Amino acid sequence: MKIIRKAVIPVAGLGTRFLPATKAIPKEMLTIVDRPTIQYIVEEAVASGIEQIILVTSAGKSAIENHFDYDFQLDTILKERNKVLLREELRHISNLIDVTSVRQKEPLGLGHAILMARNVVGDEPFFVLLGDDLVLSKIACCKQMINLYEQVGSSIVAVRRVPEQETHQYGIVEGEESEFERAHRITRMIEKPAPGTSNSDMAIIGRYLLMPEIFDLLEKTTPGHGGEIQLTDALQAMSKRQGMFAYEFEGSRYDAGDKLGYLKAVVDFALMHQQLGPAFREYLESVCKQLPEE
Ligand code: G1P
């Protein structure tokens with residue numbers, strides 16, 4: 001069984017849900033407590049043993065590449081000013097992992113974005129992590145998926161249960177119970193189903209462990225929901241050819257591309273923060289006591 005070494009992170013999206021904040025700054029660079037959201041995603045990949053990140057970018061996203069790069073000028077200034085801890089922190093970010101980028105020249109959809117990484121991924125299984133989906137968990141979500149992969153040896157998508165009225169916002173997976181813990185054998189996948197067209201409540205969240213055969217299928221995928229080339233449609237075709245699993249990961253998921261989801265992530269990540277957590281909890285408790293009745 002091939003080990004998973006590479007992870008693709010599509011970051012070419014415009015971030016329209018977060019305008020005007022994202023007019024000049026990529027949404028992936030919005031800060032949660034003390035680091036940009038993209039760093040949490042990359043750290044999850046690193047914690048799962050991934051060795052190379054492939055960013056799928058578009059114009060105006062160079063801030064993300066710069067964030068993971070080494071900045072000689074800044075390092076020299078910090079050295080002169082004797083800022084030892086800050087220097088270490090910045091070095092830690094640039095040493096985290098090897099980051100490569102490829103371009104998506106036209107916004108043709110998530111499936112098309114993943115296809116752009118084909119040459120860099122090559123013929124090996126890989127992860128896709130979506131930057132809007134942050135997961136807070138004891139064991140990194142991708143690591144949990146690798147643990148299942150070591151038993152099943154096939155593609156896996158991470159899912160969580162959502163209320164019926166929200167299923168149309170996600171890729172939905174239909175499946176059967178399996179002998180593996182928290183895992184379902186996939187029977188059908190539908191991107192953003194219209195109400196009443198699927199009775200499943202298992203929604204895909206942005207973590208996919210994929211076999212390289214997905215690239216051939218993406219080549220053949222025609223525009224689907226919203227006129228875009230959908231990853232879910234290629235996955236549906238793949239589930240017909242080879243076994244695939246949906247995995248109910250352990251942990252909390254935040255939609256950091258949505259204003260309310262982002263605020264929830266800021267609060268929960270701040271509460272979990274080693275240095276800031278206790279003082280922030282005290283502050284929140286004092287705020288709650290003073291909250292006026294609605
Ligand atoms: C994408 C996928 C969808 C998945 C979702 C998870 O949709 O197409 O299948 O459920 O991410 O966040 P998007 O949110 O980009 O519209």
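Because the structure is predicted, anything quoted here is derived from the model rather than measured. Start at 1 and go down the list; that is how both ligands and their atoms are numbered.
Aromatic pair Phe269/Tyr40: ring centres closer than 6.0 Å. Under the 6.0 Å cut-off for aromatic ring centres, Tyr254 and Tyr262 do not qualify, their centroids lying 6.0 Å or more apart. Taking the centre of each ring, Phe215 and Phe126 come in below the 6.0 Å mark.
For Gly171, a nitrogen or oxygen atom sits less than 3.5 Å from a nitrogen or oxygen atom of ligand 1, counting backbone and side chain alike.
Given atom 2 (C) of ligand 1, the protein heavy atom at minimum distance is Glu191 OE2, 3.7 Å. Regarding atom 11 (O) of ligand 1, its nearest protein heavy-atom neighbour is Leu130 CD1, 3.4 Å.
Heavy atoms from other residues, nucleotides or ligands lying under 6.0 Å from CD of Glu150 number more than 12.
Checked for salt-bridge contact, Arg87 and Asp75 meet the test: a charged N lies under 4.0 Å from a carboxylate O. Electrostatic pairing of Arg241 and Glu213 does not count as a salt bridge here, judged by no charged N lying under 4.0 Å from a carboxylate O.
Neither the backbone nor the side chain of Asp132 has any atom closer than 4.0 Å to an atom of ligand 1 (non-hydrogen atoms only).
Atom 9 (O) of ligand 1 lies below 4.0 Å from at least one non-hydrogen atom of the protein.
Among Lys192, Arg17, Gln169, the residue whose heavy atom lies closest to atom 13 (P) of ligand 1 is Lys192. Comparing heavy-atom distances from atom 5 (C) of ligand 1 across Thr232, Ile204, Asp255, Asp258 singles out Ile204 as nearest.
Close approach to Asp133 involves these atoms of ligand 1, each under 4.0 Å from a residue heavy atom: 6 (C), 12 (O). Taking every heavy atom of Arg253 and a limit of under 4.0 angstrom, the matching atoms of ligand 1 come to 12 (O).
Hydrophobic clustering, with ILVMFWY side chains joined whenever heavy atoms are under 4.5 angstrom apart, keeps Ile93 apart from Phe72.
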